[in-house]
Engineer: 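What follows is a single structure, and I will ask about it in a moment.
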There are 2 protein chains.
Amino acid sequence: MVLRTMGTQLRFARNQTIFNEGDAAEYAYTLKSGTVRLCNYLSDGRRQIMQFLFPGDLFSFMELDGHHLTAEAVGDVVLSCYPHRQIVQLGAQNPELGMRMASLMSQRLHAMHVQLLLLGRQTAMERIASFLLSLKERMGANEDELFDISMSRQDVADHLGLTIETVCRVLSKLRRSRVIAIPNLHQLRVYDTDALRALAERGD
Amino acid sequence: MVLRTMGTQLRFARNQTIFNEGDAAEYAYTLKSGTVRLCNYLSDGRRQIMQFLFPGDLFSFMELDGHHLTAEAVGDVVLSCYPHRQIVQLGAQNPELGMRMASLMSQRLHAMHVQLLLLGRQTAMERIASFLLSLKERMGANEDELFDISMSRQDVADHLGLTIETVCRVLSKLRRSRVIAIPNLHQLRVYDTDALRALAERGD
DNA sequence: CGCCGTGTTGACCAGTTTCAAGATTGGTGG
DNA sequence: CCACCAATCTTGAAACTGGTCAACACGGCG
């Protein structure tokens, strides 16, 4: 992408806020390393994580009138930022690039639809199985290959509309039935991807 | 909008399918009259309604690679359709219009975020109170003014991630506490908008 | 007038949450 | 390098919200 040549690097520490919902949106970002969460808060503190971002992901490039979401660093994070006006100008001038951006938006929208179905109509087991599969895919891990879960149990819970306890219980159940292994808190191995796929569709 | 001058009119009867998830997406549509639901199905029939569309709404204008959702007529529906290529071309040629479309996408994305928070973190009462408020707003009804609920209880349930019984029970509770009145199945009056707003944030 | 689809209500049940008690983990300072 | 402390995670028991099942009401239409 054209942008790759420009941009200033920024660093954020674990749990630091990158921007808040409602802030003026002056920059678009690409994530260089680490994991970012995009979330919404209710006034009483209830939180919903809309999306986790991983290295390579572009975000906040189409927020005309201020950020709709809060962005926070899950672990330590490095990202590049680009003045917003620049992006918009480029998009307007270069139809090719404008289309790329529109396509990215469309992808996002589709991902949100999938998540909506998950939150509205799927069980705890289905949600967690789906999440583990998508994480495994995103991490490019093969069968039996270990991959990192950078986010906390609470983050997972707030992404899937569950409590931290339910997340733990379901993970334990998957571990007991030898579908996954959790050698340490932030790493996971999937032994039986097909079983997980079945659980993602049919629950228990 | 430029499009208003072109387009062919189509009619669909109550519960008829306009297009299915996975279908090639050849047209964009604007709704002339009636209500449309955009939804996703799980293989076992569980359904999540992503969005209701009302007269004036434009939809399916950015689905490059086939429809992501199924569109169905809630009641009888009239809509205009426009060849997809035309829209894309126009958007590419006319930066102004391209921006309008991007802005529409961004609005949709924001609405999905709100819905995600609702499904992930809000109670039955909060969901229904929010829904009634947004419906009242969309219908342009004032305090104490009667407005139409075109969709069935099942549709409401599938939009809010609840069962039809829960929807009924919560509506009854709101009626008993004189916050709303339901003179007939498909009409509703809000007596106390402030109470509803409070319930939308804090539940019960 | 009676039937069928839809809506309402009640009783009971299940999955998830809540509350609470430990167990692990990771970080800090001696 | 180890001990301690705080944060996070795990597990169990009880409570609760919302779901399921079932009976009945309502309303529109032939």
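Letters A, B, ... mirror the listed sequences (proteins, then strands); counts begin at 1.
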Engineer: Does one side chain, of B:Ser172 or B:Arg169, offer a donor that lies under 3.5 Å from an acceptor on the other?
Structural biologist: no
Engineer: How many whole angstroms separate atom CD1 of B:Ile164 from atom C1' of C:dT8?
Structural biologist: 9 Å
Engineer: Starting from P on D:dG18, measure out to CD on B:Gln122 and report it in whole angstrom.
Structural biologist: 12 Å
Engineer: Could you tell me whether A:Phe19 and A:Tyr29 have their ring centroids closer than 6.0 angstrom?
Structural biologist: yes
Engineer: 5'-most contact on DNA chain C: B:Ser152 or A:Thr163, nearest heavy atom basis?
Structural biologist: B:Ser152
Engineer: Are A:Thr166 and C:dT17 close enough that a side-chain N or O sits under 4.0 Å from OP1 or OP2?
Structural biologist: yes
Engineer: Reading DNA chain D from 5' onward, which residue's closest nucleotide shows up sooner: B:Asp204 or B:Pro183?
Structural biologist: B:Asp204
Engineer: What is the nucleic acid contact for B:Arg14, judged by heavy atoms within less than 4.0 Å: base, sugar-phosphate only, or nothing?
Structural biologist: sugar-phosphate
Engineer: How many Å lie between CD1 on B:Ile182 and P on C:dT6, as a whole number?
Structural biologist: 18 Å
Engineer: So, OP1 or OP2 of D:dT20: does either fall under 4.0 Å of a side-chain N or O from B:Arg169?
Structural biologist: no
Engineer: Which part of the nucleic acid, if any, lies within reach of A:Leu162 when heavy atoms closer than 4.0 Å are counted: base, sugar-phosphate only, or nothing?
Structural biologist: sugar-phosphate
Engineer: Mind calculating the distance between CG (B:Asn184) and C1' (C:dG7) to the nearest angstrom?
Structural biologist: 13 Å
Engineer: Among the candidates D:dT20, C:dG7, C:dT18, find the nucleotide nearest to the side-chain atoms of B:Leu185.
Structural biologist: C:dG7
Engineer: Could you check B:Ala124 against A:Met151 and say which one's nearest nucleotide on DNA chain D is further toward the 5' end?
Structural biologist: A:Met151
Engineer: Round to the nearest Å and state the distance from A:Asp158 atom CG to C:dT17 atom P.
Structural biologist: 11 Å
Engineer: Of B:Arg153 and B:Arg121, whose closest DNA chain C nucleotide lies nearer the 5' terminus?
Structural biologist: B:Arg153
Engineer: Just how far, in rounded Å, is P of C:dG7 from CG of B:Leu171?
Structural biologist: 11 Å
Engineer: Under 4.0 Å, heavy atoms only, any strand: does B:Gly203 hit a base, just the sugar-phosphate, or nothing?
Structural biologist: nothing
Engineer: Under 3.5 Å, is there an N or O donor on one side and an acceptor on the other linking the side chain of A:Glu165 and the base of C:dC19?
Structural biologist: yes
Engineer: Parallel under 30°, tilted from 30 to 60°, perpendicular over 60°: which one fits the rings of B:Phe54 and B:Phe52?
Structural biologist: tilted
Engineer: Quick check: are there more than 12 heavy atoms from other residues, nucleotides or ligands sitting under 6.0 Å from CZ of B:Arg14?
Structural biologist: no
Engineer: Please determine if B:Arg47 and B:Asp155 form a salt bridge, counting it only when a charged side-chain N lies under 4.0 Å from a carboxylate O.
Structural biologist: yes
Engineer: For D:dT11, take OP1 and OP2 only and decide whether either is under 4.0 Å from a side-chain N or O of A:Arg175.
Structural biologist: yes
Engineer: Give the rounded distance in Å between these two atoms: CD of A:Gln187 and P of C:dG26.
Structural biologist: 10 Å
Engineer: What's the CZ-P distance between A:Arg176 and D:dT10, to the nearest Å?
Structural biologist: 12 Å
Engineer: So that I can tick it off, tell me whether B:Glu143 and B:Arg189 are bridged by a salt bridge, with the cut-off set at under 4.0 angstrom between side-chain N and carboxylate O.
Structural biologist: no
Engineer: If you check every side-chain atom of A:His186, which of D:dC9, C:dT16, C:dT8 has the closest atom?
Structural biologist: D:dC9
